[in-house]
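Worksheet for the structure shown next.
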Amino acid sequence: MAVAQQLTKKAKACLAKKSEIPMSPLYHMGMAAQFKKESHLKYVQDALNFLACKAQVKLPFSEDDKEFLVEVYEAFWWGGLWVGYPEAAKLASHYVSMEGNTKSNPLMVDPTIYREAPIVIETMKAMKRYILEQKKNNRNFQNIKCSDNAFDQKPYARKLWNMNENTQGRMVKDGVLRSPQNNTRLHRADGHFYLNTITKESGNSLSTTWRIDSYYDFEPFEKQQYYTNISLGAINLIIYDGLSEYMVRLGVAKPFWYRMEWKEVWNNT
Amino acid sequence: MTKTVKKIVSISAALVLGLLSFISYMYLTKDNYIKCNMIVPTISVLDKKSVNGKTYYLVRKITGSHDKLDELVLYDKNPNFDSCAQSKIVSVYSEIVYDTESDDNLVVSNVYLNSKKNELDIKFFPKGKGVHNLNNLKLELRK
């Protein structure tokens, strides 16, 4: 009874904060980003706060509420393209496309921004050295992950831990690779990721497929209270991870797997 | 209003805004605000402690969009973050304590300052124990 009363109280408090749902979030976010119109951003933020509150107490969402959330994500697609983050734009709009790609049928994303990041270049060098060592010792060299403990412990892999996290990115806990913080385009698409390899021998060469598999989803309110600050001009728009996750329960978004992949043929010596 | 009409209004608004932005870009040469990266990290200064003439700052930094990394960062000078959550001071130590893509996250129980090594000694509750509330953490000194 006490729990039910508490929920009713929270729901009433939520409804007291009721805010109008803007018809075109793209327009308001654009006005905030380009012309520093804080009132436009506040209009969108108030609606997001209200919907986040509703999601936390599981109040029903209207069709307009759902449509607004989808349009916010679609606005990221426009905004992402506008400011030069096509990968992030593609991921955000795919979330609301409801395709929900599985790991065996992931959404393919252009790997260029990953391949050119210093942390990936250095990890590839270290992994190639490890692949050759494994092959020489007749051990598995066909499938290697940057998170493999035996690889992480190699002296040439340890230096990946000491790279500059702002300009180069670095290896962190559990062998995960962290995007350079200053590389906003990559950081926006993937804050951290694992590099995997599939290597085949052909004559004197090795053919390696470099692969990054990631999952696009968000933490629910029940687990964490994380949010993302999206810089729009002089102020930030706060997008609650829990609300993004709740969109899946509302049937307007679906988590999905995405993959970046490239091939390299290199010398077997 | 139907979905199609709403879409037309949205796209028209974007086009008008694009045109206005282009005009403003052509005529405005200087912005009076700092331009941040598109995603601004969430920064909280949790505690500070003075030891041997140095003041250490314990900072919580959350980065990423759908894949969040939550870390504790140690500075031996005041980081003075700007409105983009950037600091010109280089941190002396950092450790990730929660990764949304990992299933092995533990809850932090205590954060000790090792001023000799300029490091943090972070202690965790056993698996499945404790309540995740990093904002209440304090920088502790070993007795």
Side-chain angles (χ1 to χ4, degrees), chain A residues 23-28 30-31 33-36 67 71 74-75 78-80 82-85 88 91-92 95 165-166 172-174 176 178-179 181-182 184-185 187-194 214-219 223-224 226-236 239 241 244 255, chain B residues 1 3 5-18 20-25 28 31-43 61-71 73 83-87 90-91 94-102 104-105 132-135:
Chain A
M23 200 182 72
S24 173
L26 174 64
Y27 167 73
H28 296 288
M31 287 301 280
Q34 292 302 320
F35 303 108
K36 294 102 202 169
E67 201 178 323
E71 284 180 4
E74 286 172 348
W78 286 94
W82 178 259
V83 294
Y85 305 134
L91 296 175
Y95 188 55
E165 70 176 27
N166 289 328
V172 291
K173 195 182 166 195
D174 300 331
V176 65
R178 184 175 195 174
S179 308
Q181 302 240 325
N182 294 351
T184 314
R185 187 169 158 192
H187 205 264
R188 180 75 179 91
D190 236 334
H192 58 304
F193 50 85
Y194 294 94
S214 290
Y215 193 58
Y216 194 95
D217 70 340
F218 293 89
E219 295 269 285
K223 211 168 167 187
Q224 290 291 348
Y226 286 138
Y227 58 87
T228 305
N229 300 302
I230 309 280
S231 174
L232 289 177
I235 32 178
N236 296 337
I239 307 284
D241 286 23
S244 297
Chain B
M1 202 180 283
K3 254 187 173 179
V5 175
K6 277 191 176 180
K7 280 268 181 298
I8 292 168
V9 170
S10 274
I11 292 167
S12 311
L15 291 174
V16 170
L17 209 63
L20 292 172
S21 303
F22 179 71
I23 294 165
S24 68
Y25 176 76
L28 297 175
D31 281 321
N32 58 357
Y33 71 98
I34 311 165
K35 199 164 194 284
C36 304
N37 284 338
M38 192 178 170
I39 291 192
V40 179
T42 305
I43 294 286
K61 184 177 183 184
I62 305 168
T63 50
S65 54
H66 59 286
D67 53 344
K68 294 276 190 305
L69 285 179
D70 203 336
E71 67 187 307
V73 188
S83 55
C84 297
Q86 299 292 320
S87 171
V90 179
S91 63
S94 71
E95 187 169 331
I96 291 161
V97 292
Y98 193 95
D99 171 355
T100 54
E101 288 195 350
S102 169
D104 301 321
N105 291 302
H132 189 79
N133 192 353
L134 294 175
N135 285 339

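Below, chains carry the letters A, B, ... as their sequence lines are ordered, and counting in each starts from 1.
For the residue pair A/Asp217 / B/His66, no side-chain donor-acceptor distance below 3.5 Å is found, with atom types taken as modelled. Using modelled atom types, one finds a donor on one side chain and an acceptor on the other under 3.5 Å when comparing A/Thr228 with B/Lys68.
Contact annotation: the side chain of B/Leu134 approaches that of B/Val97 to within less than 4.5 Å [non-hydrogen atoms, C-beta and beyond].
When all heavy atoms of B/Ser65 and A/Asp241 are compared, the closest pair comes out as O-OD2, 3.8 Å.
For the set A/Phe218, A/Tyr227, A/Tyr226, the count of heavy-atom pairs under 4.5 angstrom toward chain B peaks at A/Tyr226.
Heavy atoms closer than 4.5 Å to chain A are found in the side chain of B/Glu71, but not in its backbone. Looking at B/Ile62, the atoms closer than 4.5 Å to chain A (heavy atoms on both sides) all sit in the side chain, from C-beta outward.
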